[in-house]
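Reading through the structure tokens given below for one structure.
Just so you know, residue 1 is the first one in the sequence shown, and it goes up from there. Heavy-atom basis, side chains included; hydrogens, waters and symmetry copies ignored.
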Amino acid sequence: MSLTGISLFIIAVSFAFIAIFVIKTLKAASGTMTSVSQTLEKVEGQMQGITSESESLLKKTNRIAEDVENKTQTLNGFVESINNVGSTVGSVNTSLQGMAESVAHASNQKDERVVKAMKWGDAAIELYLKWKTKKDQTGRKG
């Protein structure tokens, strides 16, 4: 064999090794691509599930928001009613205070009359007692 033959033989063997490594690499890449394809199909299925759950959750959230808004409006009416009751109680309280003041004023006027009557009564009793004392003293002397 000549040098050229040996060179060609080495080139052929090298080309065969390169071909074998390229085939192994392509098979590994093919397996990886198959795995990636399966993973992407699973992810796509999960994304569809997530999308449907998200839509359902969004619908529920909208219903809850509407319910909260309705209840808030109802609660506003309730608070307004309580404010009206408070105003009414305030008016009744003012009226009762006015009545209490007029009763107290009338009572004070009657108290003054009673005090005057008691003073006149005391004065009358004192006069009677003095008269009786004088009568008893004059009755003993005579």
Contacts of W120 meeting side-chain contact (heavy atoms from CB on, under 4.5 Å) (sequence neighbours excluded), chain-then-number -> none
Could you pull out all donor-acceptor pairs under 3.5 Å where a side-chain atom in residues 5-14 meets a protein atom, sequence neighbours excluded?
unit_1, atom_1, unit_2, atom_2, d
S7, OG, L3, O, 2.9
S14, OG, I10, O, 2.9

N/O donor-acceptor pair under 3.5 Å between S56 side chain and S52 backbone: no
Grouping ILVMFWY residues whenever side-chain heavy atoms fall under 4.5 Å, the cluster of L26 otherwise contains I18, V22
Using the side-chain hydrogen bond (donor to acceptor under 3.5 Å, both in side chains) rule, collect all pairs that involve residues 21-50, keeping only residues at least two apart or in two chains. none
Taking the side chain as everything from C-beta on, heavy atoms only, tell me whether L127 gets closer than 4.5 Å to W131. no
Restricting to pairs with a member in residues 58-76, which pass side-chain hydrogen bond (donor to acceptor under 3.5 Å, both in side chains), not counting sequence neighbours? D67-K71
For the CZ atom of F15 and the CD1 atom of I20, what is their distance to the nearest 0.5 Å? 11.0 Å
Other cluster members, L40 - Ile/Leu/Val/Met/Phe/Trp/Tyr, side-chain contacts below 4.5 Å: V36
Above 12 or not: heavy atoms from other molecules or residues under 6.0 Å from CD of E80? no
How many angstroms lie between atom CG of D136 and atom CG of L129, to the nearest 0.5 angstrom? 10.5 Å
